[in-house]
**Student:** 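Shown below is the structure under consideration.
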Amino acid sequence: TSEENPTYKFTLDLKGADLHRLNLSSDDIRVSGVITSNLTGQNINDINGKIGVRDVVIIKNDKRYVIDSLVCESVKKENLTHISIESTILAGQIDGTIAPADLPEMLKEHFAHYFTLQGVQRARSLKPEIFTFHMALRDPSTLTDVFFPEIHGFSAGNVVGNFDSDKKNLSINIDIPRIDYKEIKVDSLIVRVNSDADLLQATIRAGSISDSILQITNLQLAGKAGHDSIEVSLQSTSRDGYMKMLLAGVFNSVPDGYKFRFGKDGIVFQNVLWSVPPDNYLLFGRNQFIAHDVALRGAGQSLSLNSTDE
C-alpha cells in the first residue's frame, strides 16, 4: 500500500458467524461465505477495484438459504465512474460523474432548490454530478425471508433514472408489481419523480391496497414542488372514474415552520365535493401547532379543527 493510493486486498473466510451473538439480529441467524477484496483509493469517491462474496449460506431457525455470489465493482477513469453490482438477488449499475459520498448532500441541495427546509444548513460547495442508474430486483425473497419476514411477498422490480445537478434534471422510475407486508397487500406500485430548473414533481401510484377488511383502489399520492411551495394531493378512484376520496392542498415554507392549506376544490368524499373556508391553514414547526378555520363541510356532515390560543 501507499499513503497516496492505499490498497485493500484480502480474503475472509467466514464460517458460521452468529448474528444473534453479535447483537446484529434478534433471531437465530448464522452466515458463512468467502469475501474477497481488491480495492484501491483514499475514500469512497475515488475507489477502484472489486469486492465479491461467494458461496454464501445463511441459516435462520434451521432453514438454509444459499446465494451463489455477489460482486461489486467500481472503475474510475479521470472524471468518469462506473459502479456495478451483480448477484442472483439484484443487479445494477451507475455510470457518470458521481461522488457516492457526496450524494446525500447533493440530493438535499437539489430539493432545497424548490423548497426551503427550515433548520437545515446549506451544503458545502459540491462538484457537479451527471449520471445514469438502473437496478433490477431479481429475486429478493432471500433477503425478505431472512431479514424482513414481515414482507412475505415482494415481486421482482426495476429502478431506473438519471441526474444532472447543474441542469436540475432528475428522473426516477420505480416499478414493483406486488408487495405483501403483514396483512397488507399492495398491487402494482409505481413511483415517478421528475424535475427541471423550475419544478420537482413526484407521483406514487398503487393499483390497490388491501387487507382482510378494506380495499382501496387506484390510490395516488402526487406532489409538485417549486418556489417554496408544494402542491400535494391524495386520491382514490374507482375504475369508472368515481372519486372515492380527494385531499389536496399546498404546503408553504414560512419562518420557523411550515403552513398547509386545503384548496378550494381539494376535498371530496364519495364523489361529493366538500367546502372549506378560504382562510383555513395548519401551521406547525418548532414546538408549535396551530389550526385556523379548518372547517370541512359536505354531505350533511362537518368536521372542524381550530386552536383555542393562536
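For clarity, every value in this text was computed on a predicted model and none was experimentally measured. Basis for what follows: all heavy atoms, side chains included, without hydrogens, waters or symmetry-related copies.
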**Student:** First locate atom CG of Asn194, then atom CG of Asn162, and finally report the distance between them rounded to the nearest 0.5 Å.
**Tutor:** 8.5 Å

**Student:** CZ/Arg178 to OG/Ser208 distance, rounded to the nearest 0.5 angstrom?
**Tutor:**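 Answer for the CZ-OG pair, Arg178 versus Ser208, is 11.5 Å.
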
**Student:** Could you walk me through whether Val294 and Leu282 pass side-chain contact (heavy atoms from CB on, under 4.5 Å), step by step?
**Tutor:** CA-CA 8 Å; Val294 181; Leu282 298 169; 3.8 Å; yes

**Student:** Ser37 versus Lys50: any side-chain heavy-atom pair under 4.5 Å?
**Tutor:**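 Counting from C-beta outward, Ser37 and Lys50 never come under 4.5 Å.
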
**Student:** Quick one: does Ile204's side chain get under 4.5 Å of Gln220's, heavy atoms only?
**Tutor:** no

**Student:** So Pro6 and Gln42, do their side chains get closer than 4.5 Å, heavy atoms only?
**Tutor:**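 The answer is yes, as the side chains (C-beta and beyond) meet within the 4.5 Å cut-off.
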
**Student:** For Ser74 and Ile83, work out which heavy atoms get closest and say how close.
**Tutor:**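 Scanning both residues, the minimum pair turns out to be OG-CG1, 4.0 Å.
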
**Student:** Could you pull out the closest heavy-atom pair between Ala197 and His113, with the gap in Å?
**Tutor:**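 Taking every non-hydrogen atom into account, O-NE2, 2.8 Å.
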
**Student:** Say whether, by atom type as modelled, one donor and one acceptor occur between the side chain of Asp55 and the main chain of Gly33 under 3.5 angstrom.
**Tutor:**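 Judged by distance alone, no pair lies under 3.5 Å.
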
**Student:** With a cut-off of 6.0 Å (strictly less than), are more than 12 heavy atoms of other residues, nucleotides or ligands near NZ of Lys224?
**Tutor:**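 Not buried by this count: 12 neighbours or fewer within 6.0 Å.
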
**Student:** Are Ile174 and Val193 linked, directly or through intermediate hydrophobic residues, by side-chain heavy-atom contacts shorter than 4.5 Å (ILVMFWY only)?
**Tutor:**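 Yes; tracing contacts between hydrophobic side chains, which count when under 4.5 Å, links both residues.
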
**Student:** Given the side-chain rings of Phe251 and Phe260, with only the six-membered ring counted for Trp, is the space between their centroids under 6.0 Å?
**Tutor:** yes

**Student:** Under a 4.0 Å N-O cut-off, is there an ion pair linking Asp175 with Arg192?
**Tutor:** yes

**Student:** Do the side chain of His152 and the main chain of Lys182 share a donor and acceptor less than 3.5 angstrom apart?
**Tutor:** yes

**Student:** Inspect the contact between Asp196 and Lys168 and indicate whether a charged nitrogen and a carboxylate oxygen are less than 4.0 angstrom apart.
**Tutor:** no

**Student:** So which heavy atom on Ile44 is nearest to which on Ala101, and how close?
**Tutor:** CG2-CB, 3.2 Å

**Student:** State whether the side chain of Ser171 and the backbone N or O of Gly161 hold a donor-acceptor pair below 3.5 Å, judged by distance alone.
**Tutor:**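 Looks like no, no N/O pair under 3.5 Å.
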
**Student:** For Thr237, does its backbone N or O pair with a side-chain atom of Thr217 as donor and acceptor, under 3.5 Å?
**Tutor:**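 Yes; at least one donor-acceptor contact below 3.5 Å.
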
**Student:** Out of curiosity, Glu73 CD to Asn38 CG, how far, rounded to the nearest 0.5 Å?
**Tutor:**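 It is 10.5 Å, given to the nearest 0.5 Å.
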
**Student:** Starting from the C-alpha separation in whole Å, work towards a yes-or-no answer on side chain to side chain donor-acceptor pair (under 3.5 Å) for Ser253 and Asp228.
**Tutor:** CA-CA 6 Å; Ser253 182; Asp228 266 348; 4.7 Å; no

**Student:** Hey, could you give me the CG/OG distance between Leu170 and Ser195, rounded to the nearest 0.5 Å?
**Tutor:**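 Here the interatomic distance stands at 4.5 Å.
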
**Student:** Evaluate Val146 against Ile29 for side-chain contact (heavy atoms from CB on, under 4.5 Å), listing each step before the verdict.
**Tutor:** CA-CA 8 Å; Val146 175; Ile29 300 177; 3.8 Å; yes

**Student:** How far apart are the closest heavy atoms of Asn45 and Pro100, and which atoms are they?
**Tutor:**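 Looking at all heavy atoms of both residues, the closest pair is OD1-N, 3.2 Å.
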
**Student:** Give a yes or no on whether the backbone of Glu129 and the side-chain of Ser165 come within a donor-acceptor separation of less than 3.5 Å.
**Tutor:**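 Judged by distance alone, yes, a pair lies under 3.5 Å.
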
**Student:** Do Val66 and Leu14 belong to the same hydrophobic cluster, where Ile, Leu, Val, Met, Phe, Trp and Tyr are linked whenever their side-chain heavy atoms lie under 4.5 Å apart, directly or via other members?
**Tutor:**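 As far as the 4.5 Å side-chain criterion goes, Leu14 and Val66 are not connected within one cluster.
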
**Student:** Do you reckon Ile94 sits in the same ILVMFWY cluster as Leu103, going by side-chain contacts under 4.5 Å, direct or chained?
**Tutor:** yes

**Student:** Which atom pair, heavy atoms only, marks the closest approach of Leu199 to Tyr114?
**Tutor:** C-CE2, 3.5 Å

**Student:** Measure the shortest side-chain to side-chain distance between Asp102 and Lys127 over non-hydrogen atoms and say whether it is less than 4.5 angstrom.
**Tutor:**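 SC-SC contact between Asp102 and Lys127 ruled out.
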
**Student:** Can a side-chain donor-acceptor contact be found between Ser69 and Arg54 if the only test is distance below 3.5 angstrom?
**Tutor:** no

**Student:** Do you know the tightest heavy-atom contact between Pro278 and Arg261?
**Tutor:**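 For Pro278 versus Arg261, the nearest heavy atoms are O-CD, 3.9 Å.
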
**Student:** Check step by step if side-chain contact (heavy atoms from CB on, under 4.5 Å) holds for Leu19 and Phe147.
**Tutor:** CA-CA 11 Å; Leu19 301 190; Phe147 299 107; 4.0 Å; yes

**Student:** Between Asp187 and Lys185, does at least one N-O distance fall below 4.0 Å, as a salt bridge requires?
**Tutor:** no

**Student:** Indicate yes or no: at least one non-hydrogen side-chain atom of Met243 is less than 4.5 angstrom from one of Phe269.
**Tutor:** no

**Student:** Between Asp145 (side chain) and Thr142 (backbone), is there a donor-acceptor pair under 3.5 Å?
**Tutor:**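 No: the side chain of Asp145 does not pair with the backbone of Thr142.
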
**Student:** Do Leu90 and Ile85 touch side chain to side chain, with heavy atoms closer than 4.5 Å?
**Tutor:**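 The answer is yes; the side chains approach within 4.5 Å.
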
**Student:** Check the hydrophobic clustering (I, L, V, M, F, W, Y; side-chain heavy atoms under 4.5 Å; chains of links allowed) and say if Ile267 and Tyr242 are grouped together.
**Tutor:** no

**Student:** Parallel, tilted or perpendicular: which describes the rings of His292 and Tyr281, with under 30° parallel and over 60° perpendicular?
**Tutor:** parallel

**Student:** Any side-chain heavy atom of Asp180 within less than 4.5 Å of one from Val186?
**Tutor:**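 In short, these two side chains do not touch, never coming nearer than 4.5 Å.
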
**Student:** Just by distance, with hydrogens left out, do Thr88 and Asp68 show a side-chain donor and acceptor under 3.5 Å apart?
**Tutor:** no

**Student:** Atom NE2 of residue position His20 - does it have more than 12 heavy atoms of other residues, nucleotides or ligands inside 6.0 Å?
**Tutor:** no

**Student:** Is it true that, when you exclude Asp28 itself, more than 12 heavy atoms of the residues, nucleotides or ligands shown sit nearer than 6.0 Å to its CG?
**Tutor:**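 Enclosed.
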
**Student:** Using atom types as modelled and distance alone, determine if a side-chain donor or acceptor of Asp164 lies under 3.5 Å from a backbone N or O of Asp166.
**Tutor:**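 Present.
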
**Student:** Hey, is CG on Asp240 packed in by over 12 heavy atoms from elsewhere, all under 6.0 Å?
**Tutor:** yes

**Student:** Say you draw a straight line from OG of Ser233 to CG of Leu246; how long is it, rounded to the nearest 0.5 Å?
**Tutor:**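 The OG atom of Ser233 sits 6.5 Å away from the CG atom of Leu246.
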
**Student:** So, Phe163 versus His110, ring centres under 6.0 angstrom or not?
**Tutor:** yes

**Student:** Just do the side-chain contact (heavy atoms from CB on, under 4.5 Å) check on Ile58 and Arg30 with the steps written out, would you?
**Tutor:** CA-CA 6 Å; Ile58 303 174; Arg30 300 169 187 269; over 6 Å; no

**Student:** Is a side-chain donor or acceptor of Asn306 paired with a backbone partner of Asp293 at a separation under 3.5 angstrom?
**Tutor:** yes

**Student:** Hydrophobic cluster membership, with links at side-chain heavy-atom distances under 4.5 Å among I/L/V/M/F/W/Y: are Met135 and Ile67 in one?
**Tutor:**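 Looking at the clustering, Ile67 is in the same group as Met135.
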
**Student:** Judged by atom type as modelled, is there a donor-acceptor pair below 3.5 Å linking the side chain of Thr7 to the main-chain atoms of Lys9?
**Tutor:**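 Flag not set: sc Thr7 to bb Lys9 has no pair under 3.5 Å.
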
**Student:** Establish, from distance only, whether the side-chain atoms of Gln93 and Asp95 form a donor-acceptor pair under 3.5 Å.
**Tutor:**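 Distance-only check passes for Gln93 and Asp95.
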
**Student:** Could you give the distance from CG (Leu303) to CZ (Arg297), rounded to the nearest 0.5 Å?
**Tutor:**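 Result: 10.0 Å between the selected atoms.
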
**Student:** Answer yes or no: does atom CD of Glu183 have more than 12 heavy-atom neighbours from other residues, nucleotides or ligands under 6.0 Å?
**Tutor:**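 Result for CD/Glu183: open.
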
**Student:** Is the closest side-chain heavy-atom distance between Trp274 and Val268 below 4.5 Å?
**Tutor:** no

**Student:** Crowded around Phe148 CZ? As in, over 12 foreign heavy atoms under 6.0 Å?
**Tutor:**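 No, the 6.0 Å shell around CZ holds no more than 12 heavy atoms from other groups.
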
**Student:** Using modelled atom types only, decide if a donor and an acceptor are shared between the side chain of Asn280 and the backbone of Phe262 within a distance under 3.5 Å.
**Tutor:**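 Yes, Asn280 side chain to Phe262 backbone: donor-acceptor pair under 3.5 Å.
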
